[in-house]
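For reference, the structure discussed in these notes is given below.
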Amino acid sequence: MKLFLIARNTLKEAIRQKLFHFVVLLSIGLIVGSLFFREFNFGVSELKFIVDFGFGAMTFFGSMLAVVVTAQLFFNEIDSRTVQTLLSKPVHRAEFILGKFLGVLFVLLFFMALMAISLLAVLAFREASIYSRISEDIRPEGWIRYGDVVLFSVVQWVKLGVISALTLLIASFSRSNLYSVTMSFLLVIICHLQYLTLEGWSTASSWVVKGLLFFLSYLLPNFQIFNLGDWVASGEILPCSLVLKASAYGIVYWIGLSYLAVYSFSKREI
Amino acid sequence: MSIAVSIKNITKDYSLKLRGLKLRAVDGLSLEIPQGEIFGLLGPNGSGKSTTLKILLGLIKPTMGEVMVFNSRCSDVASRSRIGYLPESPNFYTYLTGEELVSFYAGICGVSQNKIKESVSAVISLVGLEEASDRRVGTYSKGMLQRIGLAQALVHDPDLIILDEPMAGVDPLGAIKITKVILKLKERGKTVLLCTHLLAHVEEICDRIAILDKGKLILEGSVESLLRETKEETFLVKGLPAEAEDELQQWLKSKGASLTTERRSSRNLEELFLEKIKNQTKGEEIG
């Protein structure tokens with residue numbers, strides 16, 4: 001109950017932020033802007049280009065939003081000392097951290113839903129206009145799998161949740177918003193390149209290096225697991241097993257990282 | 001009388017992260033606040049008042065010692081359901097209206113859904129903010145923020161109310177209103193712990209006080225007994241100088257004058273406070 005109250009309040013605060021409005025408008029603008037590439041008129045390739053472009057906007061701006069909004073919402077409470085009033089009530093620190101996390105998850109869900117709806121609308125519009133110019137006999141079926149676009153958006157939302165949990169963990173012990181944002185962006189980049197540690201692990205000859213790389217490869221999430229955009233853009237069926245695997249992988253990190261954030265915040269003096 | 005707050009020998013050290021140096025904010029403080037009292041916690045800036053309050057509210061842990069609130073450890077989250085807290089220079093969620101803010105805290109404190117509306121409107125009317133309750137908190141003046149802060153502290157009907165500088169930024173009329181609220185709380189058997197620099201206000205409403213300096217307790221007792229210690233007899237004589245009471249009365253009689261007023265004169269709390277702080281500093285300099 002308290003957790004949901006804190007989450008609802010976090011959502012209210014986030015959707016009133018100018019940064020959120022800016023990122024949402026910019027992302028929708030980019031997705032809709034991809035329509036202007038129709039001069040190339042590549043037919044199916046054009047639709048694939050729009051999918052790629054839309055997924056890129058979702059992932060890039062979503063990651064930015066996940067880091068900046070999480071850090072800002074956390075430090076707004078610390079800097080304005082509203083956290084003191086809140087924690088002087090019968091509220092566990094875990095409820096505060098998890099409430100914030102849940103609130104940010106709602107914000108990201110709202111963002112991803114808007115992005116997915118915009119992308120689907122642009123794709124449907126463009127597909128209809130291409131269809132109208134092709135005779136029915138040679139018209140191929142199912143150029144774009146709309147269901148897979150939705151599944152991809154869900155998996156990206158799970159990934160953004162992992163980024164948010166990572167940012168919350170850093171914010172829980174950090175003293176400044178700037179440090180949290182910088183460190184989180186750095187970690188997001190490292191997580192995208194995490195597959196290199198796995199490769200290093202398989203090729204390393206020294207057992208010490210092997211052990212270290214093995215440890216690192218499990219400490220930080222591998223963001224390549226969420227990279228399912230190629231399946232959708234190439235028109236192949238996105239396997240459900242991959243979607244489930246990526247979602248479960250992300251949720252395990254949600255739980256692990258938020259547990260660490262709660263532990264770290266419980267040691268913090270306010 | 002049962003004890004609302006029991007502070008036993010607490011010490012709080014802050015690490016300065018410089019070669020292991022530590023700053024002692026509270027040094028062996030012990031206090032007991034009986035239920036139903038208005039208790040004033042006084043001290044100059046940096047005396048350890050805020051640290052003591054933070055320990056009491058479970059926001060920080062003492063390095064040593066123990067604090068009990070209504071026989072529960074202050075680290076126990078459940079103990080806070082009986083505490084209402086108004087922070088110094090309160091900041092609240094500026095995007096909420098006054099009513100939404102108090103409702104939010106009511107929900108957080110576990111006020112049942114069917115009672116929230118009633119409790120919120122009762123406390124908002126108690127602090128006199130009915131007309132501004134549907135305005136965003138971000139548009140409130142400092143005095144209004146103090147009053148909405150008081151409302152959120154009282155919405156769950158706590159037994160212990162901790163007020164940190166409740167009069168800061170409040171105009172004289174607002175101050176009178178807050179004073180009335182505090183006295184009303186006492187009438188209802190609530191315990192009030194008041195931290196303020198307005199010593200005249202403390203003298204007016206507090207039953208007992210404690211003065212802290214450099215983290216140590218230097219004086220504690222009832223306001224009346226502490227101020228009576230140096231009371232002197234003062235006579236206001238109309239028209240003639242006073243030398244001795246008997247002689248004066250006789251002399252007055254012989255002169256045809258009369259003694260019109262007899263008043264107990266006392267030093268005020270401000271003088272006592274300054275004297276104690278001065279003595280403490282002197283003692284330390286000599287030591």
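Within every chain, numbering begins at 1; the chains are lettered A, B, ... in the order of the sequence lines, protein sequences first and strands thereafter. In what follows, every heavy atom counts, from backbone to side chain, and hydrogens, waters and symmetry copies are set aside.
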Should the heavy atoms of other residues, nucleotides or ligands under 6.0 Å from OH of A:Tyr259 be counted, would the total exceed 12? no
Interatomic distance, A:Glu13 atom CD to B:Thr94 atom OG1 [nearest 0.5 angstrom]: 7.5 Å
Would you say that more than 12 heavy atoms from the other residues, nucleotides or ligands in this model lie under 6.0 Å from the CZ of A:Phe110, or not? no
Pairwise distance NZ(A:Lys267) to NZ(B:Lys61) - rounded to 0.5 angstrom: 5.0 Å
Greater than 12 external heavy atoms within 6.0 Å of B:Arg73's CZ: no
Stepwise side chain to side chain contact (heavy atoms under 4.5 Å, CB included) check, A:Leu86 with B:Phe104: CA-CA 10 Å; A:Leu86 190 59; B:Phe104 169 71; 4.0 Å; yes
Against chain B, label A:Glu95 side chain, backbone, both or neither, depending on which of its atoms sit under 4.5 Å from a heavy atom there. neither
Using a 6.0 Å cut-off, check whether atom OH of B:Tyr95 has over 12 heavy atoms from anything other than its own residue. yes
Which atoms of B:Leu96 come close to chain A, meaning under 4.5 Å heavy atom to heavy atom: side chain ones, backbone ones, both, or neither? side chain
Distance (rounded to the nearest 0.5 Å) between B:Tyr93 OH and A:Thr10 OG1: 7.5 Å
For B:Tyr105, is the NZ or CZ atom of A:Lys89 found under 6.0 angstrom from the centre of its six-membered ring and inside 45 degrees of the ring axis? yes
About how many Å separate CG of A:Asn9 and CD of B:Glu100, when rounded to the nearest 0.5 Å? 9.5 Å
Exceeds 12 heavy-atom contacts within 6.0 angstrom, atom CG of B:Asp134: yes
For the residue pair A:Arg81 and B:Glu88, what are the closest heavy atoms and their distance? NH1-O, 3.6 Å
Can you tell me how far the CD1 atom of B:Ile108 sits from the CD1 atom of A:Ile6, to the nearest 0.5 Å? 4.5 Å
Could you report the tightest heavy-atom contact between A:Thr85 and B:Gln152, atom names first, then the distance? CG2-OE1, 3.7 Å
Which pair of heavy atoms, one from A:Ser88 and one from B:Leu59, lies closest together, and at what distance? N-CD2, 4.3 Å
Between A:Arg8 and chain B, with a heavy-atom cut-off of 4.5 Å, which part of the residue counts as in contact: side chain, backbone, both or neither? neither
For A:Glu269 and B:Ile60 the tightest heavy-atom approach is CB-CG2, 3.6 Å
